[in-house]
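Worksheet: the structure to be examined is printed underneath.
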Amino acid sequence: MSVLLRVRDLAVAYGHIEAVKGLTFHLNTGEITALVGANGAGKSTTLLALSGLLKPARGKIEFDGEDITALPAHQIVKRGVVQVAEGRAILTTLTVAENLVLGAYTRTDKAEIAASLDEVYALFPRLKDRADQFAGNLSGGEQQMLAIGRALMAKPKLLLLDEPSMGLAPIMVQEIFRTLVEINRRGLTILLVEQNVRQALKIARHGYVIETGEIVLADSGENLLANPKVEEAYLGG
Ligand code: ATP
């Protein structure tokens with residue numbers, strides 16, 4: 001099993017407040033890994049550091065054998081680390097197709113970009129049906145699909161997701177999680193940040209539980225789901 005991302009002693013601060021206090025974890029190539037925890041635990045902050053949008057106070061981030069800790073965000077995207085934004089951040093006055101093509105901004109090969117677009121439409125037929133509609137007219141779940149599709153257009157090696165289930169109806173949550181499993185089955189490594197602990201651990205091979213900026217548990221998704229501490233704190237006892 002090869003390691004795609006290795007994080008050592010990552011600390012991130014907002015001014016004097018240390019939100020992430022020395023995380024050490026890794027992601028295996030080809031797996032879904034979940035980072036779960038309560039509101040304010042430091043999950044989003046961790047993802048922002050991996051994406052290069054926040055600079056760590058200390059620690060090291062290695063991707064595909066390369067130290068990316070000090071790289072600017074666009075260089076990190078170029079290497080294949082692509083984040084689906086929390087709150088989705090799609091461009092509502094552009095069409096679905098235009099939003100998707102924007103996701104390929106780091107790429108130049110038109111034929112390959114067109115092939116990626118076909119793959120995204122195969123994964124999300126609803127997006128194909130609505131290709132020419134304004135993204136702002138999509139439902140919440142469809143907007144989440146669009147955000148994921150747009151990230152896939154960058155041809156990531158690692159997909160980072162921040163709360164993809166947030167604000168969605170249960171049936172739509174199921175559909176999004178099913179799609180993540182399918183995307184992973186096609187070979188993509190995924191880091192899934194979620195407050196929906198049960199659903200996330202169900203589809204994750206490995207998981208980390210984060211509390212107030214520190215990893216308190218690390219195990220397989222299956223073992224974490226069966227862990228009484230996880231059950232009590234996150235699964236409603
Ligand atoms: P959520 O699910 O609410 O996003 P989270 O686990 O992702 O929670 P973070 O958003 O990473 O948590 O926040 C970690 C800590 O850092 C919290 O105490 C939060 O209040 C603080 N924090 C987050 N963003 C900022 C900011 N821009 N300035 C100051 N403090 C911040």
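In each ligand, atom 1 is the first atom listed, and ligand 1 is the first ligand listed.
Near Ala38, meaning under 4.0 Å from one of its heavy atoms, ligand 1 places the atoms 6 (O). Those atoms of ligand 1 with a heavy atom of Ala19 less than 4.0 angstrom away are 14 (C), 15 (C), 16 (O). Annotation for ligand 1: atoms under 4.0 Å from non-hydrogen atoms of Glu163 are 2 (O). Here is the list of ligand 1 atoms found below 4.0 Å of a heavy atom in Gln195: 2 (O).
Atom 11 (O) of ligand 1 has its nearest heavy-atom neighbour, among Leu35, Leu48, Thr45, in Thr45. When the heavy atoms of Gly42, Ala13, Gly15 are ranked by distance to atom 12 (O) of ligand 1, first place goes to Gly42. Remark: among candidates Ala41, Gly213, Gly40, the nearest residue to atom 18 (O) of ligand 1 is Gly40, based on non-hydrogen atoms.
Considering CD of Glu119 and CZ of Arg186, their distance stands at 6.5 Å, rounded to 0.5 Å.
Residue Ile17 places every heavy atom at 4.0 Å or more from ligand 1.
Grouping Ile, Leu, Val, Met, Phe, Trp and Tyr residues whose side-chain heavy atoms lie under 4.5 Å apart, directly or via other members, places Tyr105 in a hydrophobic cluster with Val77, Val82.
Minimum interatomic distance between Leu23 and Val7 (heavy atoms only, all atoms of both residues): O-CG1, 3.6 Å. Of all non-hydrogen atoms in Val3 and Leu5, the two that sit nearest each other are CG1-O, 3.4 Å. Shown here for Ala38 and Lys43, the closest heavy-atom pair between the two residues is O-NZ, 2.8 Å. Smallest separation of non-hydrogen atoms from Lys55 and Thr69: NZ-O, 3.4 Å.
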